[in-house]
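Report on the following structure.
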Amino acid sequence: MEDFEYQAYLKSLSKQFPTIADAATEIINMQAIMSLPKGTEHFLTDIHGEWEQFNHVLKNGSGAVKRKIDEEFENTLSARDKRSLATLIYYPEEKLELVMQEEEDQELLEDWFKITIHRLVQMTKRVSSKYTRSKVRKALPKDFSYVIEELITEKEEIQDKELYYNEIIHTIIRIGRAPECIVALCNLIQRLVVDHLHIVGDIYDRGRGPHIIMDTLSQYHSVDIQWGNHDIVWMGAASGQTACIATVIRVSARYGNLDILEEGYGINLIPLATFAMKTYENSDCSVFSIHYGADYDVKDLHLDMMMHKAIAVIQLKLEGQLIMAHPEYEMDDRLLLDKINFETGTVRIGEKEYPMKDMDFPTIDPKDPYRLTEEEEQVVDRLRHAFVHSEKLQRHVRFLFSKGSLYKVHNSNLLYHGCVPMDSEGNFKEVNVYGKRYSGKALYDVLDTYARKGFYSQNREERRKGRDITWYIWTGPNSPVYGRDKMTTFERYFVEDKETHKEVKNPYYQLLDNEDVLNKILREFGLDTESSHIINGHVPVELKKGETPIKCGGKLLIIDGGFSKAYQGKTGIAGYTLVENSHGMNLVAHKPFESTEAAIREETDIVSDTIIVETAKRRILVADTDIGAELKQSIAHLEKLLEAYMDGTLIEHS
């Protein structure tokens, strides 16, 4: 920055800090903040709509709450009391309701209130100790901000502090505000235990509650999201990309989750249902079975199978149109409707003919198989209108864009969902995006930009290109969030031979223990190779087969361990999460979650095994983080401002 530009900057800064005292106070404040321990970061990925388990892991901070309870109370509380306190912190309203129902003696209930509030105040003091008073104050619930601040702040001027605190608590109980105070304290503890949350992709599909998860994330105090391919396809659908819309509906139908669209997002599926009943009522829909759970209403099964088949055929047609319109996608091998031999009942895939499991296609014209019928066109138009006018879906997708990206660099960690596309030698693969070739970080950046254009651009052509690229990011062979050579949707439905179902992973996945390759990736994204990590989701780690999530001595961590019930048979666990605090980095392997009801009534928690990935040689401070770097820069500018005041270059303003 030129001298005159810097002087102008200092003059602007002086409006915010008009006196020497103001500037000095801010410098002291910032310097003090840098000496605090860094906040706890919590990493989750591949949630896939499993909202109950997600909600529990979020509330318990992957065991962070329990660790704080153990630190605070050590041997002064029994294991049972610690478990009860943890459950109360996770689910305060529900646990309180049970306690108040079960305890009829008012005096005993008031004793429980008193003991519980004391314990919660102790916990609040512990979890708030690494934050400034100002930050804690901002986190305080409005109704109890004054009371909680009094309870957790040392009052040196009061000689008999115990009497003072006891009187506050006694008054809270006497005026009937104990339950509300307990809820406020529990929520505050949850808020302070985790400083920042990272979601490393795939909130959507398979499970029944992605919309509930999105509502929760929208209210979370500090979060970022790295988009997964299942998020991207919903984002494309919300932008109006019809192949993405068809995909979202098909996957929802396959897992018995159409009510997510209808009830969760208010999307009208009657046009599809009406079309499916008319067109496929007498068709064989057996290959379009529904993978439903215990809470699925089987009376909808036949209709859902018809809708499943109807939207699958529409999806294959729309995808074929996209592939032919975009030869640069290099996906001609996915054009299979035109390879069906309707006379022999076979399909040619590569150089081989395979029998088809289903040949009942009343809407496919063998001479023009990718053309939608007039009725299909009408269905697609109405579905598109429903998606782009779903207020809740649009709000959730805007949140994904505002808080999300394809990758993130944060505190010496590189976060992304899938892979950095590579060849077998470990070179970054070049990908054609609308006539220009990109690789490595530049590929992520251009795809991210086009995805945003697909949702926001006012230029019709740019918006169309952006919408289409979201579909490519979902399924393309060189997409960084998909990471396989093809998506074998057609084959899995219609061809028995499982050889055709194979989806070959990008060579990246064979190079995860190659330190030279990982260092190359870190350098590509501007990170130091000695102290940085890659945090990766997308591909479940099959613990049952002896796979490990820790690659290359901890340089790369794959934290998808199967949150989705659909994967838990393969993985043997129910998801990995990662916790990074001022002491180091821990990987947490979770066992399957029974239910929220059991967690509250029986005080069960997810059984988790903690693996220490890295222990810090010294406690990590705010000064060592990205925020610390920003604070150092701000301090340098303020010190220059002080110099300018002191040498008369700038005049103080009272």
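For clarity, every value in this text was computed on a predicted model and none was experimentally measured. Position 1 is the first residue of the sequence, and the numbers go up from there.
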Set of salt bridge (Lys or Arg N to Asp or Glu O under 4.0 Å) partners for [X], sequence neighbours left out:
| X | value |
| --- | --- |
| K441 | D445 |
| K357 | none |
| K453 | E462 |
| K505 | none |

Let's go through F455 and Q394 carefully: what are the C-alpha distance in whole Å and the side-chain angles of both, what is the deciding distance for side chain to side chain contact (heavy atoms under 4.5 Å, CB included) to 0.1 Å, and is it a yes or a no? CA-CA 10 Å; F455 192 76; Q394 295 296 311; 3.3 Å; yes
For a side chain to side chain contact (heavy atoms under 4.5 Å, CB included) check, start with the C-alpha distance between E580 and N413, then their side-chain angles and the critical distance, and finish with the verdict. CA-CA 11 Å; E580 185 177 32; N413 293 319; 2.9 Å; yes
Heavy atoms from other residues, nucleotides or ligands near [atom1] of [X] exceed 12 (cutoff 6.0 Å):
| X | atom1 | answer |
| --- | --- | --- |
| K555 | NZ | yes |
| L301 | CG | yes |
| K403 | NZ | no |

Does any part of the side chain of [Y], heavy atoms only, come nearer than 4.5 Å to the side chain of [X], both counted from C-beta?
| X | Y | result |
| --- | --- | --- |
| Y482 | I473 | no |
| H396 | H211 | yes |
| I249 | F387 | yes |
| R484 | P477 | no |
| D297 | D300 | yes |
| I47 | D202 | no |
| Y204 | V248 | no |
| V388 | S239 | no |

Are [Y] and [X] an aromatic pair, judged by ring center distance below 6.0 Å?
| X | Y | answer |
| --- | --- | --- |
| Y576 | H590 | no |
| F401 | W227 | yes |
| Y255 | H308 | no |
| Y472 | H326 | no |

Contacts of Y407 that satisfy ring pair (Phe, Tyr, Trp, His ring centres under 6.0 Å) - sequence neighbours left out: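 Here the qualifying residues are Y444, F525.
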Holding to ring pair (Phe, Tyr, Trp, His ring centres under 6.0 Å), I want the full list of residues that pass it with Y292, two or more places apart in sequence or in another chain.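 Partners of Y292 by the ring pair (Phe, Tyr, Trp, His ring centres under 6.0 Å) criterion, ordered by chain and then number, come out as Y296.
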May I have the step-by-step check of side-chain hydrogen bond (donor to acceptor under 3.5 Å, both in side chains) for Y508 and N536, ending in yes or no? CA-CA 12 Å; Y508 165 90; N536 205 162; 2.5 Å; yes
Test ring-ring contact (aromatic ring centres under 6.0 Å, His included) on F428 and Y438; report intermediate values, then the result. CA-CA 9 Å; F428 297 134; Y438 302 87; over 10 Å; no
Working for side-chain hydrogen bond (donor to acceptor under 3.5 Å, both in side chains), residues T488 and H501: CA-CA 6 Å; T488 56; H501 301 183; over 6 Å; no
Listed by chain and number, what are the side-chain hydrogen bond (donor to acceptor under 3.5 Å, both in side chains) partners of R382, not counting sequence neighbours?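 Applying side-chain hydrogen bond (donor to acceptor under 3.5 Å, both in side chains) to R382 gives none.
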Atom [atom1] in [X], atom [atom2] in [Y]: separation rounded to 0.5 Å?
| X | Y | atom1 | atom2 | value |
| --- | --- | --- | --- | --- |
| T596 | E94 | OG1 | CD | 8.0 Å |
| M277 | I270 | CE | CD1 | 9.0 Å |
| D231 | H417 | CG | NE2 | 7.5 Å |
| N478 | S439 | CG | OG | 11.0 Å |

Write out all pairs satisfying salt bridge (Lys or Arg N to Asp or Glu O under 4.0 Å) with one or both partners inside [range], taking only residues at least two apart or from two chains.
| range | result |
| --- | --- |
| residues 467-476 | R464-D468 |
| residues 244-271 | R208-D259 |
| residues 301-319 | K309-D358, K317-E376 |

Residues [X] and [Y] bridged, charged N to O under 4.0 Å:
| X | Y | answer |
| --- | --- | --- |
| K392 | D215 | yes |
| E491 | R334 | yes |
| D605 | K66 | yes |

Going by salt bridge (charged side-chain N to carboxylate O under 4.0 Å, His left out), K95 matches just one of E597, E602, E603. Which one?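 That would be E603.
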Identified side chain to side chain contact (heavy atoms under 4.5 Å, CB included) counterpart of I559 within the set L44, T45, D46: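 Testing I559 for a side chain to side chain contact (heavy atoms under 4.5 Å, CB included) against L44, T45, D46 leaves exactly one candidate, T45.
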Apply side-chain hydrogen bond (donor to acceptor under 3.5 Å, both in side chains) to the pair D224 and Q226, showing each step before the final yes or no. CA-CA 7 Å; D224 60 64; Q226 292 69 61; 2.8 Å; yes
Residue pair H230, H48: steps toward the ring-ring contact (aromatic ring centres under 6.0 Å, His included) verdict: CA-CA 8 Å; H230 287 272; H48 286 299; 5.0 Å; yes
Using the test side-chain contact (heavy atoms from CB on, under 4.5 Å), find all partners of T242 that sit at least two apart in sequence or belong to another chain.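 For T242, the residues satisfying side-chain contact (heavy atoms from CB on, under 4.5 Å) (neighbours in sequence not counted) are L318, V380, R384.
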Any residue meeting side-chain contact (heavy atoms from CB on, under 4.5 Å) with P92, in chain and number order, not counting sequence neighbours: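 Partners of P92 by the side-chain contact (heavy atoms from CB on, under 4.5 Å) criterion, ordered by chain and then number, come out as V183, C186, N187, Q190.
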Between E614 and H533, is there a side-chain donor-acceptor contact under 3.5 Å, judged purely by atom types and distance?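 Side chains of H533 and E614: pair found under 3.5 Å.
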Go through the steps to decide whether E41 and N581 satisfy the test side-chain hydrogen bond (donor to acceptor under 3.5 Å, both in side chains), and finish with yes or no. CA-CA 6 Å; E41 297 176 57; N581 57 30; over 6 Å; no
May I have the step-by-step check of side chain to side chain contact (heavy atoms under 4.5 Å, CB included) for Y280 and F288, ending in yes or no? CA-CA 12 Å; Y280 293 98; F288 294 90; over 6 Å; no
Could you walk me through whether H198 and H410 pass the ring-ring contact (aromatic ring centres under 6.0 Å, His included) check? CA-CA 10 Å; H198 304 280; H410 186 83; 5.0 Å; yes
Does Q241 use its side chain to pair, donor to acceptor, with the backbone of C244 at less than 3.5 Å?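 Confirmed, Q241 side chain pairs with C244 backbone.
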